[in-house]
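The structure appears below as structure tokens.
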Amino acid sequence: MLAAKDMGESMNDEQLQPHSAFRFHGSWQEFARIAFPNLLLTIVTLGIYRFWATTREREYLWGKTEFIDERLEWTGRGMELFIGFIMVFVLIGLPFIVIQLVSQGLIFQGVPVLAGLLTFAMFLSLFYLTGVAYFRALRYRLSRTYWRGIRGGSDDPGFQYGLSYNWKWIVGWLPIFLMVPWAMISLWNDRWNAMSFGPHRFSATAQWTPLMKRYLLFYLVPFLIFVGAVIFGISMAASGGAPAAMGGAGMAIGGILAIVAVLIFYIMLPLAALAFYSKYFRLAVGGLRLHTLEFAFRARSVDWVLFFLANMAIIICTLGIGYIFMPYRNWKFFVEHMEAYGEINIDELTQSQTVVEKHGEGLLDAFDVGAI
Amino acid sequence: MSTFFTAAHYDGQKAVKRAVEVEVMGPQFYVVENAWRSGPFAFADVAYVTKQGDADVYGLAGHDGWRLILSGPIPADLSAMLPAPRKYGGWVDRLGLGKAAIAFALTSAAAVAVVLFSPQWLAPLIPDSVDDSLGDALVGDFGGRFCHTPAGDAALQKLVASLDDAPQDLRVEVANIDMLNAVALPGGNVILFDGLLKQARSPDEVAGVLAHEIGHVRERHVMQALLRQMGLAVVLGGVDGNSGALVNNMLAMSYSRDAEAEADAYAMQALGSANISPVGTASFFDRLSQLDGSAGVVKDNAGITGYLSSHPLSASRKDAFEKSIVKGKNYKPALTPTEWTELKTMCAQDREAKSGLGFDFN
Ligand SMILES: [Zn+2]
């Protein structure tokens, strides 16, 4: 029996703060020794090495991540990602180029309606495949993650999830985007409920209603700024008269106010978005269970804001080269804020019987939404 | 006889960690923990998995999750039996980082060079049927925008026949679009835009532009440009994984400087053998380059940028056409005044031709 929460306490008695079941032992200097050769090799291979680069980075990041008393292990291979990419290119990329050519031809032939239908069908299937891609990427990552010789996975190919992805997002958007939080949480639950680790199925029961307050904040920021500007303008006009009466000074004040309004817009909106995302991730992870284990994500909005500001500072100060450290920073942020509670019976944790496909997350890679 | 080494072990069946001894017996080994013993396993099936801290982690083919974790320096007897650690992956580990990077860079440069230069050799290998059907698919009836009148068609046909020996495999059309442009597309399609005919002051000017576009067709520039664009999209697509821009670029494609010079040379020769004076073409380019000089005029003449962007003008181009004038040669006008009027007014006369750009074309 391993206890996720108090294990650390008993191992490091002198430490006052009991640490999380997840611990990260990496250092950016070590990561740099992987990231810089990766950058070099990716450039000289015109980008083809990036599959092996990703794999090497994950091997390092997983290997430096300790869960309770043992490191994680990434067993994915660069070749798998490469094969996945080639498959997507041949099975989806080429047909889509042909369809685009055909619809271009149809426009020239004077049948724009047919061309429009063809293009619409193409976008619909892309939309569907995006959903499948998200599902399969998660499945691939779990099936390549080992802990104590045991891995995760799923027997669900994700085609059904692709359909859910479509209709749930459409329902999310239809009522002037008000149901987006529901779509996000509900799809997270769908995805994780299909996954397992060892013999145990994940259970995801996150609620979406607690997310609405933050979402409305983000949703209303543009309106609030606009309304504020209008009220301010009216009150200015009422008290000080028309800008013409105030002359040049009035014009200058107006200009400054406009700049302030734009700045508020560009600062407030990202802040509201981060506040929303922080709550979303906390709720989503908080609703996750694996047999007797419960999970939590401790990062608050402030942590996210500081994290993003630091990322931006790193990228700007290094003239963009710091970008290669983003996978490291993302993973570190993720692991350091993850928590797990409960106990695991090691004797009960047997090998996963799920299928393992031989190709990587090419679909997700093709849609350019892969995070880490 | 057998030798023992200590290691940590997961059997891949359960998450239980065992402190085992590796019992080596020739090419095989057992893992032993007190009374528990597993094996025999073949060293040939052992694969390197990863390095964790100072420990090397090995897996076993066909045994999901099976791990042997050897901490610290591995005794020579055992390490001789085990596979070598992997760092970057196959080729890079074998060559070393520096050599591999140089080898990859050379290969990449070669790949780009092949993509840039092979279209010249590949284009003639593309069967005409492919070229034709691509042209048909792309052009079709151009959304009903082609202008036709019996007299205008006859004038155009005469012009084409005087410039080309095999006019039957060319399809030259006038499109009812008020844009100063002319394009060569796959399948021997050449499209003159009505705006160009309106701007032209003599049939000789149109003959020069038409001969230039026919030059692109005859020198196989169209297929070359297409192949080059597709090849670059594939090779460079590796960088950002996006090859969607290909189709958009296809119609806006421009030819290389060499191709333009070739098409010009072709045009001068065609004009010469048709006995049409290159003076008109030279003065046409002259007028265009003056328009190019003043932005205001370009804005007023919407569409003039079309020809200029695909056919950058330079003084040398005009000079070349002027130099190709043979003094004392008895040039004839490309069309009679009546034929010229019929061609120029063909789109105005043809009521059935749709006009304008009902689609995104640039
Ligand atoms: Zn040209």
Side-chain angles (χ1 to χ4, degrees), chain A residues 2 25 37-38 40-50 52 55-56 59 62-64 69-71 73-75 77-79 85 89 93 96-97 100-112 146-151 198 344-352 356 365-368, chain B residues 9-17 49-53 57 59 64-67 87-90 92 97 100-108 111-112 134 136-145 230 233-244 246-248 250-251 354 358-360:
Chain A
L2 286 178
H25 300 278
N38 273 351
L40 170 71
L41 289 168
T42 304
I43 290 171
V44 297
T45 56
L46 296 175
I48 293 172
Y49 188 77
R50 72 195 145 104
W52 285 267
T55 299
R56 250 166 68 68
E59 267 177 10
W62 263 241
K64 292 292 173 185
D69 66 337
E70 185 64 282
R71 306 287 180 97
E73 206 180 271
W74 177 259
T75 62
R77 311 250 42 94
M79 187 53 95
F85 171 78
F89 185 78
F96 273 58
I97 289 175
Q100 266 181 288
L101 266 173
V102 168
S103 72
Q104 197 91 30
L106 285 173
I107 294 175
F108 275 94
Q109 308 253 8
V111 244
Y146 282 77
W147 181 74
R148 290 178 153 260
I150 304 297
R151 63 173 174 84
I344 309 171
N345 188 334
I346 288 304
D347 286 309
E348 245 177 59
L349 190 62
T350 53
Q351 189 57 280
S352 172
V356 179
D365 187 67
F367 295 132
D368 214 22
Chain B
H9 173 61
Y10 292 111
D11 65 5
Q13 303 296 312
K14 275 185 188 176
V16 178
K17 189 177 198 171
V49 176
T50 189
K51 191 163 188 77
Q52 256 176 20
V57 183
D64 193 10
W66 188 99
R67 294 291 181 266
K87 206 175 167 194
Y88 296 97
V92 187
L97 180 61
I102 292 168
F104 284 147
L106 291 176
T107 314
S108 297
V112 170
L134 196 59
D136 287 348
L138 271 178
V139 181
D141 73 342
F142 217 54
R145 284 172 188 83
M230 280 158 81
V234 169
V235 168
L236 300 179
V239 176
D240 59 356
N242 175 17
S243 36
L246 164 71
V247 178
N248 295 332
M250 227 190 69
L251 289 171
K354 287 187 196 143
F359 42 77
D360 188 24

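So you know, we letter chains A, B, ... as the sequences are listed, proteins then strands, and number each from 1.
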Inset, instruction - Just give me the residue among Val57(B), Asp64(B), Ile102(B), Asp11(B) that pairs up with chain A most often, heavy atom to heavy atom, under 4.5 Å. - result: Asp64(B)
Legend entry - Test: Lys51(B) and Glu59(A) ion pair at under 4.0 Å: no
Legend entry - Interface moiety of Thr50(B) toward chain A, non-hydrogen atoms closer than 4.5 Å: side chain
Legend entry - Stepwise side chain to side chain contact (heavy atoms under 4.5 Å, CB included) check, Gln351(A) with Lys14(B): CA-CA 6 Å; Gln351(A) 189 57 280; Lys14(B) 275 185 188 176; over 6 Å; no
Legend entry - Spatial distance of atom CD1 (Ile43(A)) from atom OG (Ser108(B)) [nearest 0.5 Å]: 11.0 Å
Inset, instruction - Against chain B, label Thr75(A) side chain, backbone, both or neither, depending on which of its atoms sit under 4.5 Å from a heavy atom there. - result: side chain
Inset, instruction - Please report the closest heavy-atom contact between Ala101(B) and Leu40(A), naming both atoms and the distance. - result: CB-CD2, 3.8 Å
Inset, instruction - Could I get the full list of side chain to side chain donor-acceptor pair (under 3.5 Å) partners for Glu70(A), not counting sequence neighbours? - result: Tyr10(B), Lys17(B)
Legend entry - Choice from His25(A), Glu348(A), Arg77(A) maximising heavy atom contacts with chain B below 4.5 Å: Arg77(A)
Legend entry - Test side-chain contact (heavy atoms from CB on, under 4.5 Å) applied to Val16(B) and Leu349(A), Ile346(A), Thr350(A), the passing residue: Ile346(A)
Inset, instruction - Walk me through it: do Leu41(A) and Phe104(B) pass the test side chain to side chain contact (heavy atoms under 4.5 Å, CB included)? - result: CA-CA 8 Å; Leu41(A) 289 168; Phe104(B) 284 147; 3.8 Å; yes
